[in-house]
There are 2 protein chains.
Amino acid sequence: MAKRETSGVETPYHHGALREALLAATEALLDEAGLEKFTLRECARRAGVSHGAPAHHFGDARGLLTAFAAQSFEQLGARTSDYMARAEKRPYERLVANGLAYLDHALGNPHRFRLMFRSDRLDHTDPALGRAAIAVYDQFESCMRAVLGAAGRPDADLGPCTALAWSLVHGMATLMLDNGMFACRVGDHEAARAMFLDLMRRSRPLFEG
Amino acid sequence: MAKRETSGVETPYHHGALREALLAATEALLDEAGLEKFTLRECARRAGVSHGAPAHHFGDARGLLTAFAAQSFEQLGARTSDYMARAEKRPYERLVANGLAYLDHALGNPHRFRLMFRSDRLDHTDPALGRAAIAVYDQFESCMRAVLGAAGRPDADLGPCTALAWSLVHGMATLMLDNGMFACRVGDHEAARAMFLDLMRRSRPLFEG
DNA sequence: AGTTAAACTAGACACTGTCAAGTCATCGTC
DNA sequence: GACGATGACTTGACAGTGTCTAGTTTAACT
């Protein structure tokens, strides 16, 4: 009778929680060596199953990474909600908190964050990924609406102002992670936070006029 | 006598310009299918040589992609010089031109641009890559110094102002390329240019106070 | 002309992703 | 409880990859 064996201990043929185990293995492998070294076979080995097993849950590597990216957007959304809830109640302070959560998410989980924007490795038709990403965006846009509303700014300013704020924080996050010249001029994670807060302070008049 | 053959025509054993042929094949393959589908073997096939030949010139795939990225930074530098030379002579107009060149480079050559920031696939100890990247940065920083100098701003503003401007343009470029929600709200390349010019107009007081 | 080094070719090896056939366990129905 | 269907795996095959090594050919140098 064929039974899976890991470390000499028989394990049941049906894993029972293989989907979660594969996602956990994905996180461990990304943290260890980054996306470029990630392989589905190694992921299956870490989860203690054969190389064909993941196909039942995710289809292929793209499906697994897409599910992992959806989780990452959910974690980002949880973090932005948390930071905004703990910020001062004025709209601009909540916008700053939203951005700081984004920056902390990126700098705290660099490989997760990088994957989230790998349009070539993700399945953008995946409903869970779409929902999670849209939820994060909607929260950010609502936050910006509150800022502009409180300042009496016209609706036409929403597009440029969201583009400005998102570009600023996303640019800062990606340059901190992937550009040595930028990162060494800013410093460590704490220095990046301080720089971001400073830039948002300087930029305040652009949103509140 | 062993001779390489391409399309039934004998070619000499020594290619003569294999380095350039491999870089050209790299560009073609990246433009066709992106970095994820790029393989060194296919690149060698396109250049008409065996799979071992690139090793003599580049060592491995990382070496080839690093040389290609160095070329990309050189092209970016040429474009920023060109745009700045053709801009109005006032410092802020030259800064805007510098950023617009950056944005046009990214949106016009998405796969090249993406590779330039793939810290996991490039050799950052490579002198040619370092020189090319530093040259682009130095030009941008000189430009920013001129803006701040003309406005009578203190030296301490250089760090935050370069971080702000670079984050804004880099964030916009990367979100246009890899985030569908951002890109569909902005529109096409021309709309992105217009948006960027608008954001730089709005941001002007942060640099010239 | 002879020697050395550069510039390749060709093959081997281990690993990968994907697919298909087969096996085992669970679930639903009778 | 038996049976069939389906889910959840294992196993193997295949084509492709990157890297390394041995060997061959040509260019450069003396």
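Proteins get letters first, then strands, A, B, ... in listed order; numbering begins at 1 in each.
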Asks: So, does the side chain of B/His51 form a donor-acceptor pair with the base of D/dG18 at under 3.5 Å?
Replies: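 Between D/dG18 and B/His51, which were checked side chain against base, a qualifying N/O pair under 3.5 Å is absent.
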Asks: How many whole angstroms separate atom CZ of B/Phe38 from atom C1' of D/dG18?
Replies: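 Result: 12 Å.
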Asks: Would you mind reading off the distance between B/Arg62 atom CZ and D/dT19 atom C1', rounded to a whole angstrom?
Replies: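 Atom-to-atom, B/Arg62 to D/dT19, this comes out as 14 Å.
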Asks: Rounded to the nearest Å, what distance is computed from the NE2 atom of residue B/His15 to the P atom of nucleotide D/dA27?
Replies: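 The distance from NE2 of B/His15 to P of D/dA27 comes to 14 Å, rounded to the nearest Å.
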Asks: Taking any heavy-atom pair under 4.0 Å as a contact, classify B/Ala55: base, sugar-phosphate, or nothing.
Replies: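 Answer is nothing: B/Ala55 stays at 4.0 Å or more from every strand.
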Asks: Quick one: which of D/dC9, C/dC8, D/dT19 gets closest to the side chain of B/Asp60?
Replies: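 Comparing D/dC9, C/dC8, D/dT19 against the side chain of B/Asp60, the answer is D/dT19.
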Asks: What contact category does B/Arg45 fall into here, base, sugar-phosphate, or nothing, at under 4.0 angstrom with non-hydrogen atoms?
Replies: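 Here B/Arg45 touches the backbone only, sparing every base.
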Asks: Would a distance-only check, ignoring hydrogens and angles, find a side-chain to backbone donor-acceptor pair under 3.5 Å from B/Ser167 to B/Leu164?
Replies: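 No, B/Ser167 side chain to B/Leu164 backbone: no donor-acceptor pair under 3.5 Å.
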Asks: May I ask you to verify if any side-chain N or O of B/Arg41 is less than 4.0 angstrom from the OP1 or OP2 atom of D/dA15?
Replies: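 B/Arg41 to D/dA15 OP1/OP2: no side-chain N or O under 4.0 Å.
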Asks: Rounded to whole Å, please give me the gap between CD in A/Glu36 and C1' in D/dG18.
Replies: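 Taking CD of A/Glu36 and C1' of D/dG18, I get 12 Å after rounding.
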Asks: Are A/Arg86 and A/Tyr83 in a cation-pi setup, meaning NZ or CZ lies under 6.0 angstrom from the ring centre and within 45 degrees of the ring axis?
Replies: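 The answer is yes, since A/Arg86 meets both limits relative to A/Tyr83.
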Asks: Whether A/His57 contacts D/dG7 is assessed here as follows: a side-chain N or O lying under 4.0 Å from the phosphate OP1 or OP2. Is that the case?
Replies: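 So the side-chain polar atoms of A/His57 never come under 4.0 Å of the phosphate oxygens OP1 or OP2 of D/dG7.
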Asks: Check for a donor-acceptor pair, side chain of A/Asn98 on one end and backbone N or O of A/Arg94 on the other, with a separation under 3.5 Å.
Replies: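 No, the answer is negative, given that no donor and acceptor are paired below the 3.5 Å cut-off.
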Asks: Figure out the NZ/C1' separation between B/Lys37 and D/dG18, and round it to whole Å.
Replies: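 It works out to 17 Å between those atoms.
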Asks: Would you please say whether a donor-acceptor pair under 3.5 Å links the side chains of B/Trp166 and B/Tyr102?
Replies: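 The answer is yes; a qualifying pair exists.
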Asks: Can you tell me how the ring of B/Tyr137 sits relative to the ring of B/Phe140, calling it parallel under 30°, perpendicular over 60° and tilted otherwise?
Replies: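 Ring orientation, 0 to 90° scale: perpendicular.
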Asks: Rounded off to whole Å, could you give me the CZ-to-C1' distance for the B/Phe58 and C/dC8 pair?
Replies: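 After rounding, the gap between these two atoms is 15 Å.
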Asks: Can you identify which nucleotide, out of D/dG18, C/dA6, D/dC9, has its nearest atom closest to the B/His14 side chain?
Replies: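 Taking heavy atoms from C-beta onward, the closest nucleotide is C/dA6.
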Asks: Return the nearest nucleotide to the side chain of A/Thr39; candidates are C/dT16, C/dA6, D/dT19.
Replies: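 That would be C/dT16.
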Asks: Is any side-chain N or O of A/Tyr13 under 3.5 Å from a base N or O of C/dT23, one able to act as donor and the other as acceptor?
Replies: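 Indeed, a donor on one side and an acceptor on the other fall under 3.5 Å apart.
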Asks: Roughly how many Å is it from CD in B/Glu42 to C1' in D/dG16, rounded to a whole number?
Replies: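 My rounded result for the distance is 11 Å.
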